[in-house]
*Asks:* 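This is the structure I have questions about; it appears just below.
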Amino acid sequence: MKSNSLKTTTSSLPFNWYYDHKIFKQENDKIFKSEWIYVCHINSINKNQYRTLNINNKNIVVIKNKLEEISIFYNTCLHRGSQIFNDQEGSIKAPVIICPYHQWSYDIKSGSLLNTTSLILDKFDKKKYALKKINFFIWKGLIFVNLKSNKKFNVKSIFQYYDSAIDKIDLENYSVGHVWKKNVLCNWKIYWENYSECLHCPNIHPELSKLVPLYQRRLVDIQDHPEWNILKKTYSHPKYHGGLKKGAQTWSLDGSSQGHTLDEVRAELQSRGQVYISTWPTMFLGIYGDHIRIVRLIPISPEEVELTAEWLFPRSTLSDPQYNVNNVIDFGILVMNQDAKISEVNQRGVYNLEKHCGVLMPEEYIIKNFHQYIKKKLKTKS
Amino acid sequence: MKSNSLKTTTSSLPFNWYYDHKIFKQENDKIFKSEWIYVCHINSINKNQYRTLNINNKNIVVIKNKLEEISIFYNTCLHRGSQIFNDQEGSIKAPVIICPYHQWSYDIKSGSLLNTTSLILDKFDKKKYALKKINFFIWKGLIFVNLKSNKKFNVKSIFQYYDSAIDKIDLENYSVGHVWKKNVLCNWKIYWENYSECLHCPNIHPELSKLVPLYQRRLVDIQDHPEWNILKKTYSHPKYHGGLKKGAQTWSLDGSSQGHTLDEVRAELQSRGQVYISTWPTMFLGIYGDHIRIVRLIPISPEEVELTAEWLFPRSTLSDPQYNVNNVIDFGILVMNQDAKISEVNQRGVYNLEKHCGVLMPEEYIIKNFHQYIKKKLKTKS
Amino acid sequence: MKSNSLKTTTSSLPFNWYYDHKIFKQENDKIFKSEWIYVCHINSINKNQYRTLNINNKNIVVIKNKLEEISIFYNTCLHRGSQIFNDQEGSIKAPVIICPYHQWSYDIKSGSLLNTTSLILDKFDKKKYALKKINFFIWKGLIFVNLKSNKKFNVKSIFQYYDSAIDKIDLENYSVGHVWKKNVLCNWKIYWENYSECLHCPNIHPELSKLVPLYQRRLVDIQDHPEWNILKKTYSHPKYHGGLKKGAQTWSLDGSSQGHTLDEVRAELQSRGQVYISTWPTMFLGIYGDHIRIVRLIPISPEEVELTAEWLFPRSTLSDPQYNVNNVIDFGILVMNQDAKISEVNQRGVYNLEKHCGVLMPEEYIIKNFHQYIKKKLKTKS
């Protein structure tokens, strides 16, 4: 899908697509209701714990039982519609699911109704009152859900930007070192667009542009310059070769990985500095020198998006008491806060020109692909 | 209207009826605009005082003049639409009603326009500018209003659940010992449904279920069990006979009525513990050992309802300095807060399954009647 | 347009016109999008400063460059729609306009795109990406904008209430002594109506009615009484002759102008006390003994209006260290706060009677004209 033909500009989406409620409804109906939505890494939920989240304004609950099996349901009792799990996360206190209102009980794995608290009835068919299951798939430890019950998970079509470096990583056994949340007052597409280009890097991310010298050139890939091959031969600096600045090992405040490196992808990281993978509309993942960071985007309204970032480390890294995890986490938060702030500035400008379209520059070819994806989805029948 | 045929289940209302704005508008137009709405007990307003409240997003004012006569108007001046009474309650400072904006004056009883502050005009017909009166009726000291001016008050059709015990009580002479307000983030019907069944009692109301042992069985009436007659003969416990736990006299924290009892309904209370009366969509009343509690429900939005509770006592009770009124009030607040909390939990679950219908169990026959009432009203022409 | 035929009443606008979203949208489309909107006095922006404001939910930026030239644009970058100027006011830090997101630069006067930060392209036509200009006109130092690019400014048709006293005043050289803002929770028309009559003066503005004795009679003009001529001959008091109370020189807390008077309009002020000029829908201006006050009204929603007041003084007045400017400013704020408070009371009353119309009394002839203006505009094609 990648295209580096850096010669022409393209019309962007009409500005009202970033705030119009009708467009947002279409996006919900035609994208978020039928695409695979990233939930979290399996290790961010402990045994006998649950986690609730909102997708498309529907509240779902992810449960990991004592056998570490995952089950996912709409968080609603079939009796009179009560919410069952009341917090964002919590522990499962019984071997079955019990609704807090009238104590109906359901099987923790299948969601089947086990018991009501009413008098016994002859004609009451319990099978009709099982919790509504959510279609999900766990890929390399990453939980994805699909609100369409019949959709199949297919790695090839799900990731628009895939990199085989991930194949070498034993992702399901990584540990979650930190989870960070932030609601950003911009349309979800604006945050994706921001992620998809580096024209903004030198001014918005001075620290990052120092760490990844290529970004000082406002490019995401050395090949994005028409004469990249000549430049690469001429200069030895990472500005033209890619990779981190001299001496740096990972995305962290001081550039150090403190002796912990993802050796399985050493070659890829050395040449590029980092490896990106993404699946629209809800997840991008970065592989860095000593960790992986996954960012989930869930729209709250046309003008608000919820970010959730997870930092994944090999277990051995996290169990090393000498390792300073904040070196990595705080750098990621610094960069994401910078992106969040400028995304809000972008949002505040889109109202003025209504249906006028912006323009995508050659360097914004990933955004061009993203817009084609959006337009195609909105045209399809849901 | 009561039906204890505890054999079958019934489909509940579609879950979107608890948040959809169109349904809410229909309920306003076809229920709240034409049913008798409970306002308050006449003794909760003092002489020369007013009280304002919102019904159907219309602000009305109830005035008690120095002769203790009640008059009720829309709280709007006929000149340029100014609000006249600006607080939730306050005192009448002049023998006439004076608009604060341009000092138009109106008769306090009839609402007739008395004077403007403009130059005298030949053709200005003051009769056209009287305050808009609200149709009201005072039944046993309880003020009800109807936004339809031509509706007649008829006790038989107004109370869906009536009990002749109330006939023995000199309600208009009772004193208001306390008023309590709480806004609950749930659809108004969810609070009514909660009031209408006791399947939730043991877990949501442990203190109440101790006081009223029948509630431990999740029933509101001993006859709600198919074999109630056999059970009653077999066991001597109030769990099967109804009434309060041994030694308790009223709904209070310690069960005591401190020597003050409503002797006129002693028989009814002894066998049942309490007596309920209700009128949809806005009021239920409970008669307890030494007091009466009235709860008013006014919808604020599809997802919010305002509760107002009044505690009524015989004057002699309140004038006894030894009587600890908080014993009764705090118990009522405890129970209502428990109901409010679980009603909000219920509300949070209804969004997920959209138009899916819940199910009513046999014990929820009052809710079944309530739903039939709602459906019938929404079908009628307004 | 003025009419003092004080004999009849007129129907006012339907009360729902003060909160209905459809009416508000029509007002935006047919009034605010095509009328001249007052922005501010040129001297309220310093050299190398900008000011942003919202009109019709569009954010515009007014820039005064180092040559003191004014330029006005929609505050949106043509690249991907970012807001360019992020504060309500601030300084211009570069000789060109630079977008904070991707550093596109534009000419400060013409808005032409100067540079992008992308690779050079053959077919990229910079002329297509100039900032969108706003049509504006500066009249006697007052900046007006029109969202229609082809509208011509015409003094005769723009001011509904004009007074030639202003012709004598060198307004463009006045200094802005103070700016005050307040959001009032009422429909914008309610604040205009309040401005347009004095029936409310004695009770709402006791201090002002003392200063301008005519206002005690609830009139804005001595000729508003049918027998004004006889009254004027009979009585010598300013209640019947107009003007300020004995000894007072301007609208200030103590009535004094501390030796600074607008001598060019001395005659007009002596007979009338103050001179008013207004242009619907956004500005009224008052000339007082030693200063001018301009009030701008911008609707925020059907139920909220933003007030901005500017106090203008001759430069010599402000440069006199003995002159106590608060004497004048605090008096204006006192009166406007009184108007704001009662306008909010008016707003709270309009919901109850829905489409019912109020009534305009003879003294409210300016409101009558205002309503005719509104109705005429809403009928026209936009």
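Everything numeric here is computed off the predicted structure, so don't read it as measured data. Sequence lines set the chain letters: A, B, ... in the order given, protein chains first and strands last, and positions in each chain run from 1.
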*Asks:* What part of C:Ile204 is in contact with chain B, defined as an atom under 4.5 angstrom from a non-hydrogen atom: side chain, backbone, both or neither?
*Replies:*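 Side chain of C:Ile204 only, per the 4.5 Å heavy-atom cut-off to chain B.
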*Asks:* Will you find, in the side chains of B:Tyr101 and C:Asn194, an N or O donor that is under 3.5 Å from an N or O acceptor?
*Replies:*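 Checked: B:Tyr101/C:Asn194 side chains pair up, N/O donor to acceptor below 3.5 Å.
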*Asks:* Within this structure, what is the OG1-NZ distance for the pair C:Thr9 and B:Lys128, rounded to the nearest 0.5 Å?
*Replies:* 8.0 Å
*Asks:* Going by distance alone, is a donor N or O of one side chain under 3.5 Å from an acceptor N or O of the other, for C:Asn352 and B:Thr76?
*Replies:*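 C:Asn352 vs B:Thr76: donor-acceptor pair found between side chains.
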*Asks:* Working to the nearest 0.5 angstrom, can you tell me the gap between C:Tyr351 OH and B:Asn57 CG?
*Replies:*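 So the gap between those two atoms works out to 10.0 Å.
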*Asks:* Looking only at heavy atoms, which of residues 44-53 of chain B get nearer than 4.5 Å to chain C?
*Replies:*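 Expected list: none.
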*Asks:* For the residue pair B:His102 and C:Glu197, confirm or rule out a side-chain donor-acceptor distance under 3.5 Å.
*Replies:* yes
*Asks:* Against chain B, label C:Leu13 side chain, backbone, both or neither, depending on which of its atoms sit under 4.5 Å from a heavy atom there.
*Replies:* neither
*Asks:* Enter the distance from B:Gln83:CD to C:Asn346:CG here, rounded to the nearest 0.5 Å.
*Replies:*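 Spacing of CD (B:Gln83) from CG (C:Asn346) equals 10.0 Å.
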*Asks:* How long is the gap from CD1 on C:Ile342 to OG on B:Ser82, to the nearest 0.5 Å?
*Replies:*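 The OG atom of B:Ser82 is 5.0 Å from CD1 of C:Ile342, to the nearest 0.5 Å.
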*Asks:* Which distance, rounded to the nearest 0.5 Å, do you find between the OG of B:Ser118 and the CD of C:Glu364?
*Replies:* 6.0 Å
*Asks:* Could you name the residues of residues 205-216 of chain C that have a heavy atom within less than 4.5 Å of a heavy atom in chain B?
*Replies:*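 The stretch does not come within 4.5 Å of chain B.
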*Asks:* Measure the spacing between CG of C:Leu360 and CZ of B:Arg80 and express it to the nearest 0.5 Å.
*Replies:* 7.0 Å
